[in-house]
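In each ligand, atom 1 is the first atom listed, and ligand 1 is the first ligand listed.
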Amino acid sequence: MRDCLFCKIINGEIPSEKVYEDDEILAFKDINPKAPVHILIIPKKHISSAMEIKENDESLIGKIFTVIAKIAKEQKLDNGYRIINNCGEDGGQEVMHLHFHLLGGKKLSIDI
Ligand code: 5GP
Ligand code: ZN
């Protein structure tokens, strides 16, 4: 996707601090961290939001969650963490490429 910020991060046009990468998934540090650990996990395939997930994406979405668990372990978030997906305008989504926030490293309040 030509004008998508996260597609540009995937193709290296915009630099990022990567923490995980495989052929289908990329994880990188959020530029404006809301917690000691704040990582974004995204599919390399451009899916604009959780509203656009299709049946043939089910294994990819499942894999994202095993990757999140792996990253959380590496980041030593053994006491717990939060996974957030903001979906669409009312959900507060700002970047229209599906992403999951992994937040942790402190006791999180309800509004992060
Ligand atoms: P959303 O509000 O769409 O759920 O979250 C978008 C997230 O992307 C925000 O937490 C924001 O800080 C992060 N973000 C926006 N632009 C960039 C960028 O250029 N690089 C990185 N690493 N994160 C970004
Ligand atoms: Zn994209």
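- Atoms NE2 and CZ, on His38 and Phe28 in that order, are 9.5 Å from each other to the nearest 0.5 Å.
- Heavy-atom minimum distance, Ala35 versus Gly104: CB-O, 3.6 Å.
- Grouping Ile, Leu, Val, Met, Phe, Trp and Tyr by side-chain contacts under 4.5 Å, direct or through others, puts Ile47 with Val19, Tyr20, Ile25, Val37, Ile39, Ile41, Ile53, Leu60, Ile61, Ile64, Phe65, Val67, Ile68, Ile71, Leu77, Tyr81, Ile83, Leu98, Phe100, Leu102.
- Nearest heavy-atom pair across His46 and Cys7 is ND1-SG, 3.5 Å.
- Contact check for His101 versus Leu40: side-chain heavy atoms found under the 4.5 Å cut-off.
- Between Glu52 and Lys54, at least one side-chain N (NZ, or NE/NH1/NH2) sits under 4.0 Å from a carboxylate O, which counts as a salt bridge.
- Counting heavy atoms under 4.0 Å from ligand 1, residue Ile84 does not touch it at all.
- Ranking the protein heavy atoms by distance from atom 14 (N) of ligand 1 puts Ile31 CG2, 3.8 Å first.
- Put simply, OG on Ser16 and CD1 on Ile31 are 9.5 Å apart, with the number rounded to the nearest 0.5 Å.
- Given atom 15 (C) of ligand 1, the protein heavy atom at minimum distance is Leu5 CD2, 4.0 Å.
- Using a distance-only test at 3.5 Å, with no hydrogens or angles considered, no donor-acceptor pair links the side chain of Glu94 to the main chain of Asn86.
- Heavy-atom proximity to Phe28, at under 4.0 Å, picks out these atoms of ligand 1: 21 (C), 22 (N).
- Met96 and Met51 fall into different hydrophobic clusters, where Ile, Leu, Val, Met, Phe, Trp and Tyr residues are linked whenever their side-chain heavy atoms come under 4.5 Å apart, directly or through other members.
- Residue contact check: Asn32 has heavy atoms under 4.0 Å from atoms 12 (O) of ligand 1.
- Closest to atom 22 (N) of ligand 1, if we only count protein heavy atoms, is Lys29 O, 2.9 Å.
- Contact annotation: the side chain of Glu21 never approaches that of Asp23 to less than 4.5 Å [non-hydrogen atoms, C-beta and beyond].
- Residue contact check: Gly92 has heavy atoms under 4.0 Å from atoms 2 (O) of ligand 1.
- Close contacts between ligand 1 and Gln93 involve ligand atoms 3 (O) [criterion: under 4.0 Å to a heavy atom].
- With a 4.5 Å cut-off on side-chain heavy atoms, His97 and Ile9 do not count as touching.
- For ligand 1, the atoms sitting less than 4.0 Å from at least one non-hydrogen atom of Ile9 are 20 (N), numbered in the order shown with element in parentheses.
- Those atoms of ligand 1 with a heavy atom of His101 less than 4.0 angstrom away are 1 (P), 4 (O), 5 (O), 7 (C), 10 (O).
- Using a 4.0 Å cut-off to heavy atoms of Asn86, the atoms of ligand 1 that qualify are 1 (P), 2 (O), 4 (O).
- Atom 3 (O) of ligand 1 has Glu94 N, 2.7 Å as its closest protein atom, hydrogens excluded (heavy atom only).
- Residue Val95 places at least one N or O, backbone or side chain, under 3.5 Å from an N or O of ligand 1.
- Within the 4.0 Å heavy-atom criterion, neither part of Asn85 lies near ligand 1.
- Arg82 and Ile110 make their closest contact through NH1-O, 3.6 Å (heavy atoms, listed as atom of the first residue, atom of the second, distance).
- Using a 4.5 Å cut-off on side-chain heavy atoms (C-beta onward), Glu24 and Lys45 make no contact.
- Taking 2.8 Å as the limit, the number of protein N, O or S atoms around the Zn ion (ligand 2) is 4.
- Atom 9 (C) of ligand 1 has as its closest protein heavy atom Asp30 OD2, 3.3 Å.
- Note that CG of Leu5 is 10.0 Å distant from CD of Glu13, once rounded to the nearest 0.5 Å.
- What sits closest to atom 5 (O) of ligand 1 on the protein, heavy atoms only, is His99 NE2, 3.1 Å.
- Atoms of ligand 1 lying under 4.0 Å from any heavy atom of Phe6, numbered from 1 in the order shown and given with element: 8 (O).
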